[in-house]
Amino acid sequence: MFRVVPPTVTTPKEQEGSFPITSLYRNTSTTMADTSSLYEEDLLCPQCSDIYCLPVLLKCGHNICRVCLQKFWEWKGCQECPVCRTVSVHGRPPINLALKIAAEEYQTHRTSRNQELCCLHNEKLKIFCQNDEELICLICQTSKQHKVHECCPVEEAAQQKKTEISDMLESLRKKLTILNKTKEHWEETKNYIQTQANQSEKTIKEEFEKLHLFLWEEENTRLKVLKQEEKVKTQVMCEKLENIKDQMKILSSTINDIEKALRANNLPFLQDYKQTKKRVKCNIQEPECIRDILINTAKHLGALKFGIWKKMANFITFFPITLDPNTAQSNLKFSEELTCVQYSNKQILPDNPERCTTRVCVLGATGFTSGKHSWTVEVGQGKDWYIGVAQESIKRKSVVFLNPTEGFWVIGLCNGDSFWAQTSPRTKLVLKQKPERITVELDYVKGKVVFINAADLTTIHTFKDRFTERIFPYFSPGFYDEGKNSSPLSICPLTITVNVE
């Protein structure tokens, strides 16, 4: 605790030397707890009459708030002390650090002391009002405002409220833990999004390379046909031209000989008359009319794009259903076009809300809320599988039964020998032969799901229900089969036909 001595006027001799900061204080060993030895007037700025804020020490020994001094100098137009008018040297006066610390400690102590007193009665705050949740003094407790309120001593209330806050703090800690886990999950999701984008980009480029190759080969084939036609027809025209040139040469020679004979005398002309007449009657055929000799532009250019597109139908396959890997359990892997799924090694995937985690299954990418839809699934020789439809609101993170009550309309094969319709309870299906391809027909409006053996078109089972939300195709290929990958479930492509009306 510092005892601040009020500034005193110094003699010119004293002003010549530096003013010691320690000369402002006495009893430097005392602490701030001894507030009785601290006088507020010792800490007041002589310019603003408030507690010092960044006090600076002038050469004359007086202390002034730095802001107050700066304003005074700007108003005065010269650097003189506001107390004794002594002109200071040029430069910024130093901060009186000891006085600054004493002022700040006093300000803190005064604030703390004021907080411990009732603002109405200036009495110590010893009571805590439970109703208003505020500190009050003994006089406040007997007042009309708090008389009927539940009150208790500060120590008891503090313990109670600390326990209450501790419980709330524990809840916040749990929330922080959840947020940390969510942050980690979202960071994994962000990285997986990049992986998905890279894989999709690679596949798109590969597919377009195939299309580019097909178009390039088709272009070369068509250009070869055009060049071949050009070559053949050009050769024909060359032969025709050579032939007509020979005829022209012979005919020109004959005409020259006859003209020469006509210019001869009468006797020689008549002597050669028969021969000349024979040559005049020479048989020169008329030039033939060459048909179809021009390039068949109509064949090469007519419906060019349509012809390529039609031919492309033999190169492209179309599937009525695409699987959605974002809904797939982490042990499933897919073909490039997302039309085939099978059980495989576990992958590290984000646990997004759409993903099914409790069942080894995947949903179709497109859901239906109206109309009729059908698709054929090749189940092959798999020993365990389920196919059908499921509604959008199925529980994807908890164990559920595969029945209409839970939002599933599916049939399946168990242990390679028994077929079941997953009704409630489930129904065993008796089939004459084990189907390898099954067609699923969905009629949303009528609420029907029909399973048909694609080989003989016999009905395997029919579900009848009432759909009230979006319905998705459902596929579950089963688990590993003797250490190998399970038999895949594949969606069969449709036949593409090009019709012109």
Keeping Lys233 on the side-chain end and Leu294 on the backbone end, is there a donor-acceptor pair under 3.5 Å? yes
Less than 4.0 angstrom from a charged side-chain N to a carboxylate O is my criterion; do Lys181 and Glu184 meet it? no
Rounded to the nearest 0.5 Å, how far does CG of Leu57 lie from CZ of Arg66? 14.0 Å
Would you say that His373 contacts Ile321 through its side chain, given a criterion of any heavy-atom pair below 4.5 Å between the two side chains? no
Spacing of CG belonging to Leu429 relative to OG1 belonging to Thr423, to within rounding of 0.5 Å: 8.5 Å
Do Arg359 side-chain atoms and Val400 backbone N/O form a donor-acceptor pair below 3.5 Å? yes
Can you tell me if Asn266 has over 12 outside heavy atoms packed within less than 6.0 Å of its CG? no
I'd like to know if the side chain of Thr405 pairs up with that of Ser424 as donor and acceptor (distance under 3.5 Å, no hydrogens or angles considered). no
Will you find, in the side chains of His300 and Glu229, an N or O donor that is under 3.5 Å from an N or O acceptor? yes
Can you tell me if Met237 has over 12 outside heavy atoms packed within less than 6.0 Å of its CE? yes
Could you tell me which non-hydrogen atom of Val410 sits nearest to which non-hydrogen atom of Gly388, and how far apart they are? CG1-CA, 3.8 Å
Using modelled atom types and a 3.5 Å cut-off, is there a donor and acceptor pairing between side-chain atoms of Lys446 and backbone atoms of Asp465? no
Contacts of Phe128 that satisfy ring pair (Phe, Tyr, Trp, His ring centres under 6.0 Å) - sequence neighbours left out: none
Would you say that Gln342 contacts Lys333 through its side chain, given a criterion of any heavy-atom pair below 4.5 Å between the two side chains? yes
Is the Phe451-His461 ring centre distance short of 6.0 angstrom? no
Test of understanding: with ring pair (Phe, Tyr, Trp, His ring centres under 6.0 Å), list the residues that count as partners of Trp309, not counting sequence neighbours. Phe306
Quick one, Glu259 and Asn256 - any side-chain contact, counting heavy atoms below 4.5 Å? yes
Rounding to 0.5 Å, atoms OG (Ser418) and CG (Asp384) come to a distance of 8.5 Å
d(Lys71 NZ, Cys48 SG) to nearest 0.5 Å is 9.0 Å
Flag the pair Asn243 / Glu239 as yes when at least one side-chain heavy-atom distance between them is below 4.5 Å, and no otherwise. no
Show the nearest heavy-atom pair for residues Ile491 and Pro320, with the distance to one decimal. CG2-CD, 4.1 Å
side-chain hydrogen bond (donor to acceptor under 3.5 Å, both in side chains): pairs with one or both residues in residues 390-400, sequence neighbours excluded: Asp351-Lys397, Gln391-Ser393, Ser393-Glu469
Smallest separation among heavy atoms of Phe408 and Ala390, with atom names: CD2-CB, 3.8 Å
Would you confirm whether Ser487, through its side chain, and Gly380, through its main-chain N or O, come within 3.5 Å as a donor-acceptor pair? no
Are the side chains of Leu413 and Lys434 in contact, using a 4.5 Å heavy-atom criterion? yes
Check this for me: Gln247, atom CD, are more than 12 non-hydrogen atoms of other residues, nucleotides or ligands nearer than 6.0 Å? yes
Check ring pair (Phe, Tyr, Trp, His ring centres under 6.0 Å) between Phe467 and all other residues, then give those that pass, not counting sequence neighbours. Trp409, Tyr444
Is it the case that the side chain of Asn198 and the backbone of Gln194 share a donor-acceptor pair, with hydrogens and angles ignored and the cut-off at 3.5 Å? yes
Given side chains that start at C-beta, do those of Gln196 and Tyr192 come closer than 4.5 Å, heavy atoms only? yes
Worked verdict on Ile411 versus Trp420 for side chain to side chain contact (heavy atoms under 4.5 Å, CB included): CA-CA 6 Å; Ile411 66 170; Trp420 298 88; over 6 Å; no
Looking only at the aromatic ring of each residue, does the gap between the centers of Tyr386 and Tyr474 stay below 6.0 angstrom? no
State, to 0.1 Å, how close Pro435 and Phe419 come at their nearest heavy-atom pair, and which atoms those are. CD-CZ, 3.7 Å
Would one find more than 12 heavy atoms of other residues, nucleotides or ligands at under 6.0 Å from atom CD1 of Ile348? no
Take atom CZ in Arg437; do more than 12 heavy atoms of anything else shown fall under 6.0 Å from it? no
SB check Glu209 Lys205 (cutoff 4.0 Å): no
N-O pairing of Glu207 and Lys210 below 4.0 Å: yes
Sidechain-backbone polar pair: Asn296 side chain, Lys299 backbone, donor-acceptor under 3.5 Å: yes
Do Ser476 and Ile387 have side-chain heavy atoms sitting under 4.5 Å apart? no
Return the set of residues passing ring pair (Phe, Tyr, Trp, His ring centres under 6.0 Å) with Phe214 (not counting sequence neighbours), or none when no residue passes. Phe315
When you measure from the side chain of Arg355 to the backbone of Pro350, do you find a donor-acceptor pair of N or O atoms at a distance under 3.5 Å? yes
Apply salt bridge (charged side-chain N to carboxylate O under 4.0 Å, His left out) to Asp257 and list each qualifying residue two or more places apart in sequence or on a separate chain. Arg279
To the closest 0.5 Å, what do you measure between CG (Asp324) and CZ (Phe334)? 8.0 Å
One pair to check against side chain to side chain contact (heavy atoms under 4.5 Å, CB included): Leu54 and Val67. What are the steps and the verdict? CA-CA 8 Å; Leu54 285 178; Val67 175; over 6 Å; no
Between Tyr52 and Ala103, what is the shortest heavy-atom contact and its length? O-CB, 3.7 Å
Looking at Arg173 and Glu170, is any side-chain nitrogen of the basic one under 4.0 Å from a carboxylate oxygen of the acidic one? yes
Nearest heavy-atom pair of Thr357 and Gln329: which atoms, and what distance? O-CG, 4.1 Å
A quick test of your reading: do over 12 heavy atoms of other residues, nucleotides or ligands sit less than 6.0 Å from NZ of Lys161? yes
Okay, side chain of Thr234, backbone of Glu230: is any donor-acceptor separation there less than 3.5 Å? yes
Gln271 and Leu267: CA distance, side-chain angles, deciding distance, side chain to side chain contact (heavy atoms under 4.5 Å, CB included) verdict: CA-CA 6 Å; Gln271 288 176 343; Leu267 185 60; 3.9 Å; yes
Assess whether atom NZ of Lys240 is packed by more than 12 heavy atoms of other residues, nucleotides or ligands within 6.0 Å. no
With rounding to the nearest 0.5 angstrom, report the CH2 to OG1 distance, Trp375 to Thr322. 12.5 Å
Does the Asn96 side chain pair with the main chain of Val56, one donor and one acceptor, at a distance under 3.5 Å? no
Could you tell me whether Lys202 atom NZ has more than 12 heavy atoms of other residues or ligands within 6.0 Å of it? no
Counting N and O atoms only, with roles assigned by atom type, does the side chain of Thr327 sit under 3.5 Å from a partner on the main chain of Leu363, one being a donor and the other an acceptor? yes
Given side chains that start at C-beta, do those of Phe319 and Cys492 come closer than 4.5 Å, heavy atoms only? no
Check each of Asn453, Thr376, Thr459 against Thr439 using the side chain to side chain donor-acceptor pair (under 3.5 Å) test, and report the only one that passes. Thr376
